[in-house]
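Notes to accompany the following structure.
Predicted model only: the values in this text are computed from it and were never measured.
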Amino acid sequence: MTLNPSIQAAFTPSGKLRAAINLGNPILACRDAAGQARGVSVDLATEFARLLDTELELVVVDTAGKSVDVVVAENADIGFFAVDPVRGEHIAFTAPYVLIEGCYMVKQESPIRANEQVDDAAHRVVVGKGSAYDLYLTRSLRHARIVHAPSSPAVVDTFLQEGAEVAAGVKQQLEADAQRLGGLRLLDGRFMVIQQAMGTPKSRGDEAAAFLAQFVEAMKASGFVADALQRHGIQGASVAPPAPAL
């Protein structure tokens, strides 16, 4: 990878690299005991700032929607997102670096036994507002009604408060909530695979977008992403395959 002054300037208009970090997806980031953001996305942002030879500022938010908003508004220079065509209008995505499973959860006594039974007019499906699951299910569900939780970590609590029929989200988060609360079960299989990528405002130009894409491929190939997943004890996610050669 060749860093030149124009690429460095494209990513650091404020004089430092500002990275949007979404705490709403525990596979990517969370707070440690000291209250500091940590996780795979933080590690990648730190490494990218090192490559650019610049200071890193974390712009920490609690939902995917807010992460998109701060990058689109150019209050952050890079972010970590599930690839989605709606978001792609203003954000240049890399190829994915991590694949994450999206699953459904129901109450233990629910008659719903398979993913195919979810899309029914009698069912309410709770998702985190603005999350990749929200965007996907809004397009794909034809009969079930979507109910929005304020964030992905709040999905199961909202699901129970509303007395809804189905909760949808990150498999790892749902499993943790099932263990925490009891009386809940995940449906077998998955309804989607989230392609988690890095992104930058499209206004930064094609050269910057290509440089970020090269960075992600290098991080996958070197084992950096795999090591980060292991270091942070992440289950339910895998390193994405190499991007197809152009």
message: Could you go through Arg185 and Arg113, starting from their C-alpha distance and side-chain angles, then the distance that decides it, and tell me whether this counts as side-chain contact (heavy atoms from CB on, under 4.5 Å)?
response: CA-CA 10 Å; Arg185 58 181 169 83; Arg113 293 288 169 183; 3.4 Å; yes
message: Keeping Arg204 on the side-chain end and Ala10 on the backbone end, is there a donor-acceptor pair under 3.5 Å?
response: yes
task: Could you tell me whether the side chain of Arg87 and the main chain of Ala82 form a donor-acceptor pair under 3.5 Å?
output: yes
- prompt: Are Leu212 and Leu44 connected in a single hydrophobic cluster, I mean Ile/Leu/Val/Met/Phe/Trp/Tyr linked by side-chain heavy atoms less than 4.5 Å apart?
  reply: yes
- request: Could you pull out the closest heavy-atom pair between Ile27 and Ala237, with the gap in Å?
  value: CG2-CB, 3.8 Å
- prompt: Is the backbone of Gly24 close enough, under 3.5 Å, to the side chain of Asp62 for a donor and an acceptor to pair up by distance?
  reply: no
- request: Quick one: do Glu165 and Ser110 satisfy side chain to side chain donor-acceptor pair (under 3.5 Å)? Show the steps, please.
  value: CA-CA 8 Å; Glu165 289 71 37; Ser110 172; over 6 Å; no
- prompt: Is there a side-chain contact between Val225 and Val98, using heavy atoms and a 4.5 Å cut-off?
  reply: yes
message: With side-chain contact (heavy atoms from CB on, under 4.5 Å) as the criterion, how do Ile21 and Phe80 come out once you've worked through the C-alpha distance, each side chain's angles and the decisive distance to 0.1 Å?
response: CA-CA 7 Å; Ile21 302 296; Phe80 301 82; 3.9 Å; yes
message: We want to know whether Ser152 and Gln173 form a side-chain donor-acceptor pair, criterion being a heavy-atom distance below 3.5 angstrom.
response: no
query: So, do Ile112 and Met105 sit near enough that their side-chain heavy atoms are less than 4.5 Å apart?
result: no
- request: Show your reasoning for whether salt bridge (Lys or Arg N to Asp or Glu O under 4.0 Å) applies to Arg231 and Asp43.
  value: CA-CA 10 Å; Arg231 181 167 56 253; Asp43 291 354; 2.7 Å; yes
task: Flag yes if Tyr136 and Ile146 sit in one hydrophobic cluster, no otherwise; membership is Ile, Leu, Val, Met, Phe, Trp, Tyr, and two members link when side-chain heavy atoms are under 4.5 Å apart.
output: yes
Single-linkage hydrophobic cluster Phe211~Ile91, side-chain heavy atoms < 4.5 angstrom: no
task: Using the rule that two of Ile, Leu, Val, Met, Phe, Trp, Tyr join whenever any of their side-chain heavy atoms come within less than 4.5 Å, decide whether Phe81 and Val127 are in one cluster.
output: no
field: Heavy-atom check, side chain of Phe48 versus side chain of Leu51, under 4.5 Å
entry: yes
task: Given salt bridge (Lys or Arg N to Asp or Glu O under 4.0 Å), test Glu57 with Lys16 step by step and report yes or no.
output: CA-CA 7 Å; Glu57 176 187 340; Lys16 55 190 171 185; 3.1 Å; yes
field: From Val125, Val166, Leu137, Leu141, residue fulfilling side-chain contact (heavy atoms from CB on, under 4.5 Å) relative to Asp119
entry: Leu141
- request: Test Arg180 against Asp157 for side-chain contact (heavy atoms from CB on, under 4.5 Å), laying out the working first.
  value: CA-CA 11 Å; Arg180 172 174 65 93; Asp157 288 334; 3.3 Å; yes
task: Output yes when a side-chain donor or acceptor of His90 lies under 3.5 Å from a complementary backbone atom of Val72, and no otherwise.
output: no
message: I want to check something: taking the side chain as every heavy atom from C-beta on, are Gln214 and Glu217 in contact at a cut-off of under 4.5 Å?
response: no
- line: What one should report as the nearest heavy-atom pair of Ala168 and Val155 is O-CG1, 3.8 Å
- prompt: Hey, does the Lys NZ or Arg CZ of Lys107 hover above the aromatic six-ring of Phe159, less than 6.0 Å from the centre and inside 45° of the axis?
  reply: yes
Asp134 backbone acceptor or donor facing Ser131 side chain under 3.5 Å: yes
- request: Evaluate the side-chain proximity of Ser203 to Glu74: yes if any heavy-atom separation is below 4.5 Å, no if none is.
  value: yes
query: Between the main-chain N or O of Ala122 and the side-chain N or O of Arg145, is there a donor-acceptor pair closer than 3.5 Å?
result: no
- request: For atom NZ of Lys220, decide whether the heavy atoms of other residues, nucleotides or ligands shown that lie under 6.0 angstrom number more than 12.
  value: yes
- prompt: Testing Leu174, Leu160, Val106 for side-chain contact (heavy atoms from CB on, under 4.5 Å) with Leu184, which one passes?
  reply: Leu160
message: So does Asp227 get a backbone contact from the side chain of Gln230, meaning a donor-acceptor N/O pair under 3.5 Å?
response: no
- prompt: So, does Gln8 use its side chain to make a donor-acceptor pair with the main chain of Leu52 at under 3.5 Å?
  reply: yes
- prompt: Considering only heavy atoms from C-beta outward, does the side chain of Phe224 approach that of Glu47 to under 4.5 Å?
  reply: yes
- prompt: Between Met198 and Val216, which heavy-atom pair has the shortest distance, and what is it?
  reply: SD-CG2, 3.7 Å
field: Cluster link Leu186 to Val170, ILVMFWY, side chain under 4.5 Å
entry: no
Check: Glu162 side chain, Thr158 main-chain N or O, donor-acceptor pair, under 3.5 Å: no
query: When you measure from the side chain of Thr12 to the backbone N and O of Leu17, does any donor-acceptor pair fall under 3.5 Å?
result: no
query: So do Leu99 and Gln195 actually touch side chain to side chain, heavy atoms under 4.5 Å?
result: yes
query: Going through the distances and angles, do Tyr97 and Gln196 end up as a side-chain contact (heavy atoms from CB on, under 4.5 Å)?
result: CA-CA 6 Å; Tyr97 61 92; Gln196 198 73 31; 3.5 Å; yes
- prompt: Do other residues, nucleotides or ligands put more than 12 heavy atoms under 6.0 Å from the CG atom of Asp188?
  reply: no
message: Under a plain distance cut-off of 3.5 Å, with no hydrogens placed, do Glu207 and Asn4 share a side-chain donor-acceptor pair?
response: yes
message: Within the structure provided, determine whether Arg38 and Cys30 are in side-chain contact (heavy-atom separation under 4.5 Å).
response: yes
